[in-house]
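No experiment lies behind these values; they were computed from the predicted model shown. Counting starts at 1 for both ligands and their atoms, following the listed order. Values below: every heavy atom of this structure, side chains too, minus hydrogens, waters and symmetry copies.
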Amino acid sequence: MADQAAPAQEAGGVENAQTEGSGQVPISSMLQEPSYDVEVQLSDLQKDEENPLGSARTFQELGLPNEVLQGLVAMQFQKPSKVQERALPLMLSDPPRNMIAQSQSGTGKTAAFVTTVLSRVDFTKPTQPQALLLAPSRELARQIESVIGQIGQFVNNLGVATAIPGAIPRDGRVDKPIVVGTPGTTMDLIRRRQFDVSGLRVLVIDEADNMLDQQGLGDQCSRVKKMLPETIQILLFSATFPEKVLKYATVFAPSANMIKLKVQELTVKGISQMYMDCPGEADKYEILCKLYGLMNIGSSIIFVKTRESANRIQESMTRDGHKVSVLHGAYEGSERDALLDDFRTGKSKVLITTNVLARGIDVSTVSMVINYDIPMKGMGDAMHDTETYLHRIGRTGRFGRVGVSITFISDKKSFLALQAIANDLQVDLVSLSPEDWDETEKRVQRVIKSSRAQANFNPSAAP
Ligand SMILES: Nc1ncnc2c1ncn2[C@@H]1O[C@H](COP(=O)(O)OP(=O)(O)OP(=O)(O)O)[C@@H](O)[C@H]1O
């Protein structure tokens, strides 16, 4: 069976999310001056106990194996973030206990579960799969593989297999201690007996709310789990856990330790959330080009609803002299890999994509995210999708960086949807007007400049 990581609708959000857009606060009344401070450096943020990056302890105090510690030091991780500090001791305790952990986008969840996996695996058995990590897209699986390679660079016999389409030949075997994959391919490999799961001791599910969603990947993940040893330690991670999915998560990972965020903690302070009030749908394209024409933005991502509109916008922007790439689920795996690699290295700076890249992708140079189409979900796109909004804007403002998100609204439906999202997240949004480009430029450039300055200030947050 093929992976459902890139469905035709490219809906990466949680279909069953319980989002109550009840209170009616007019967006215009939420207007505020953006506040960010370039002078705040990562080391300062990490001293702040209230900050999600802050912590009272050091990695050395967490009792990690030496070679893993060395890897963290080599990555210039000076201190654990809050989720790392709190989750690591719980995940590493004996006997192993399940974990459900929520923490804001870009606060180091990946490093937390990768560190756990590297600490749990017995590398003297280099051909025996012992840890399985599942992610919703091939891009995220490859990224996790790369983080394992970095944090695990001093581990003897480190081996990682990727269970993504095309990676393991039909007659091949999964014979590495760590396996990272998408659920469909992983399920196929287990069923075809190419993947011996009997020695697995840890299962990590990243973007767990999305992965356990019964309308999407939930069925595949449940099937995979049924084939694994009953005693396996289950670790579920995400920036969002809507109540309904959380309930199922507690069944999927019974008796789990839990780290949860309050609603007002969901957003990352460094992301300056703005919206562009476009006169109509037909004006959005021109406004987008004007934004890119006026400003020197650096790396940015433009999220649209469908593959077709992604292609259309890319073709038009290219014709109009902008250098932009497009990535979505219709591309072949190897093309997708090359496109994202080019974006990571800065070879391409503007990426137009769908929800397939809404979650998890970590490119620290991204200073702007555009929601060209506001994320919606449900039959006929009837409902605003707060979770996908949060994950999309979380592609910027990573680990103490600042960034800007601009959501385009063009009619009553999109206006109300954004209002409901702002209400769900209890955030203020800054209004941008296509009538006043001087002001727009000033507001956006201020954040972009801060983002650049910050990258220079702060070597450990630099790409
Ligand atoms: N303790 C640390 N010190 C410094 N940088 C860190 C630390 N932990 C993680 N990072 C860096 O922060 C960035 C974001 O981390 P990561 O991708 O793990 O976030 P995440 O919480 O998984 O985000 P998302 O919710 O988007 O999946 C990465 O570039 C990572 O290298």
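Around atom NZ of Lys260, more than 12 heavy atoms belonging to other residues, nucleotides or ligands sit under 6.0 Å away.
When atom types are taken as modelled, the side chain of Asp385 and the backbone of Pro375 share no donor-acceptor pair closer than 3.5 angstrom. In this structure, the side chain of Arg392 does not engage the main chain of Asn355 through any donor-acceptor pair within 3.5 Å.
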Gln143 and Leu340: CA distance, side-chain angles, deciding distance, side-chain contact (heavy atoms from CB on, under 4.5 Å) verdict
CA-CA 10 Å; Gln143 181 177 292; Leu340 189 59; 5.7 Å; no
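Using a 4.0 Å cut-off between charged nitrogen and carboxylate oxygen, Lys377 and Asp381 do not count as a salt-bridge pair. Salt bridge status for Lys349 with Asp342: absent, with no side-chain N to carboxylate O gap under 4.0 Å.
Put simply, part of Lys79 is less than 4.0 Å from ligand 1, judged by heavy atoms. At a 4.0 Å cut-off, at least one heavy atom of Gly106 sits close enough to ligand 1 to count as contact. Distances shorter than 4.0 angstrom occur between a heavy atom of Phe59 and an atom of ligand 1. Under a 4.0 Å heavy-atom criterion, Ala111 is in contact with ligand 1. By the 4.0 Å heavy-atom criterion, Gln150 is excluded from the residues contacting ligand 1. Heavy-atom distances between Glu207 and ligand 1 reach below 4.0 Å in at least one pair.
Those atoms of ligand 1 with a heavy atom of Arg395 less than 4.0 angstrom away are 26 (O). Atoms of ligand 1 lying under 4.0 Å from any heavy atom of Gln104, numbered from 1 in the order shown and given with element: 21 (O).
Here Gln76 has no heavy atoms under 4.0 Å from ligand 1, in either its backbone or its side chain. Counting heavy atoms closer than 4.0 Å to ligand 1, residue Arg398 contributes side-chain atoms (C-beta onward) but none from N, CA, C or O. For Gln84, every heavy-atom contact with ligand 1 shorter than 4.0 Å involves the side chain, none the backbone.
Ligand 1 has an N or O atom lying under 3.5 Å from an N or O atom of Asp362, backbone or side chain. Considering both main-chain and side-chain atoms, Gln78 never comes within under 3.5 Å of ligand 1 through any nitrogen or oxygen pair. Of the polar atoms of Gly108, at least one N or O is found under 3.5 Å from an N or O of ligand 1, judged by distance alone.
Within the 4.5 Å cutoff, the side chain of Leu235 has heavy atoms near those of the Thr116 side chain.
By the 6.0 Å and 45° rule, Lys225 stacks over the aromatic ring of Phe252. With Phe59 as the aromatic partner, Lys79 does not meet the cation-pi criteria of under 6.0 angstrom to the ring centre and within 45 degrees of the ring axis.
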